[in-house]
Protein chains: 2
Amino acid sequence: MRRMLELAILGFLHDTPLHGYELRKRITALTGHVRPVAESTLYPAIKRLEKAGLLARETRLGAVAAPRHVLTLTPEGRQELRKRLAEPARGDITDENRWFTLLAFLRHLDDEAAQAAVLRRRLAFLEEPASFFYEGERPLSAEELDDPFRRGILTIARATSRAELTWLRATLTSLGGGNR
Amino acid sequence: MRRMLELAILGFLHDTPLHGYELRKRITALTGHVRPVAESTLYPAIKRLEKAGLLARETRLGAVAAPRHVLTLTPEGRQELRKRLAEPARGDITDENRWFTLLAFLRHLDDEAAQAAVLRRRLAFLEEPASFFYEGERPLSAEELDDPFRRGILTIARATSRAELTWLRATLTSLGGGNR
DNA sequence: GGACGATACCTCGTGACCGATGTATTACGT
DNA sequence: ACGTAATACATCGGTCACGAGGTATCGTCC
C-alpha cells in the first residue's frame, strides 16, 4: 500500500504542516478502520519522501513531549502530489481502498478538467462488464448462484456500483467543463 | 495480501484439484479486476502451503504443454481452511477485498452456526459508528462536507453499508439456527 | 513518588511482494 | 518455415511492510 500511504501523507500536508504523530492520527481516521497503519510503516515512508525532496523537516523542541519533527510539503512535493492525483496508477482506480484515498485528496487538483478526467477513468472501469464468478467466459449474475454468500458478494458489489455510478455521473455533470 | 491469496488457493482446491496455472486463472477471475495476482507471488505461495503440508503436488507429464503440477488439498489443508474461515483475522473482516474473498469460500464451513458467527462479526464491524472524516471526535456526515469528492466517498460508503446490512440480516435469519 | 498512559520518534529482522527474466512445449496462422 | 500466443512453471533481486522492541518526555491519578 505504499502508494496509498504516500498519497495520504502528501495530501494531508498540502493543507497544513504536521508532525508525524499527528499525521498518523489523521491517516488512521481516514483509512484506519479498514486497514490500520503501523508506525514502523509510516516513519520510513516519511523518510523516503523527505529523501526524495518532497517534504522538509523542522525540529521543534519540547512543545509537548518528545521533540516534534514538523513536516512541510516542498514545492516539489506539491507538484508530485498533483502528478499522482492527475495520473493515478491503474491500481488506484480499481482498488476501492486506494480509490477512496485518491478521492479524499482530489480537490487538490486545481484543474476541474483534470479532476473530471480522473473520475471518467473510474467510470470506465465500473462500466466494464465484470463479475467475480464465471461459467467459462460468461459472467454469472447473483440469481444464478446457489451459494448464498457468493450471492451476497454480487448483491453488495452491485449496490455499490450503482451508487457510485450515480454519483460519478452527477459529479461529472456539475463539474461543468468536464464533458470531454 | 498473503492471507487473501492463501485463502483463495485453499478455497479453490477444496472443490477440486487444480494445477497452478488454472488456479491462477480462477484467482484472477475472482479478484483480478481489483488487484491482479503476479505469477511470482502465486508460485511461492503454493510452495509455502506445500511445505506446510496443506497441499500435495503430483506431476503429470505433457497433458497439454509443460508438465503440470496438480495440487490437491491434504486433510491438514482442509482443516486449515476451515480454521481460517471460522477464525478470520480482524483485517479479513474490515477490508472489503479480504472480506469478499472470505465470503467466496464461506460455504466450505459446514457448520451453519459457525458461518453465522462470522457474518455477525462483519455485522458488528459495520454497525460501529465510523466515518472517514472527523471534526475532533465527531464523525462528519456527507451533508457537512464542502468537498464534492469527499462527499462522494461517504455517499458510496453509506450505500454499500446499507446494502450489506440488509443482506447480512436477511442471511442471518435464513441461516435459522444462527440466532446467537 | 511511582505507576500509567499518551506523546513522539526510531531501528531491526523476518518475510513478503513483484517485475524482469528464463525455460520449454503446443497450437495456429501465414 | 517462422513468428506469436498460450500454456506451465520457476528464480532472483530490489523494495517494502510490519511486529517487536527501544528511548524519552510530560501529565495525571492514587
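These values consider heavy atoms only, across backbone and side chains, with no hydrogens, waters or symmetry-generated copies. Every value quoted in this text rests on a predicted model; they were computed, and no experiment measured them. Below, read A as the first sequence line, B as the second, and so on, with proteins coming before strands; counting in each chain starts at 1.
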Taking side-chain hydrogen bond (donor to acceptor under 3.5 Å, both in side chains) as the definition, give me every residue that meets it alongside B:R84, ordered by chain and number, with sequence neighbours left out.
B:E6, B:E80

Output a table of nitrogen or oxygen pairs between the protein and nucleotides 16-18 of chain D separated by less than 3.5 Å.
residue, atom, partner, partner atom, Å
D:dC16, OP1, A:R2, NE, 2.8
D:dC16, OP1, A:R2, NH2, 3.1
D:dA17, OP1, A:R2, N, 3.0
D:dC18, OP2, A:T41, OG1, 3.1

For B:H19 and D:dA8, give me the distance from atom NE2 to atom P, rounded to whole Å.
4 Å

D:dT11 phosphate, OP1 or OP2: any side-chain N/O from B:K47 under 4.0 angstrom?
yes

Run the side-chain hydrogen bond (donor to acceptor under 3.5 Å, both in side chains) test against A:R162 and tell me which residues pass, sequence neighbours left out.
none

Which residues in residues 84-98 of chain B have at least one heavy atom lying under 4.0 Å from any atom of DNA chain D?
none

Does the gap between the ring centers of B:F105 and B:F12 come in under 6.0 Å?
yes

Terminal axes of the helix from C:dG1-D:dC30 to C:dT30-D:dA1 (five pairs each): angle between them, nearest 10 degrees
20°

Please enumerate all residues that pass side chain to side chain contact (heavy atoms under 4.5 Å, CB included) together with B:E87, with sequence neighbours excluded.
B:K83

Atom CD of B:Q79 with >12 non-hydrogen neighbours under 6.0 angstrom:
no

Side chains of B:W99 and B:I93: does their closest heavy-atom pair fall under 4.5 Å?
yes

Is there a side-chain contact (heavy atoms from CB on, under 4.5 Å) between B:L54 and B:I9 once you walk through the steps?
CA-CA 10 Å; B:L54 305 182; B:I9 295 172; over 6 Å; no

Positive for side chain to side chain donor-acceptor pair (under 3.5 Å) with B:E22, one of B:R26, B:H19, B:R24
B:R26

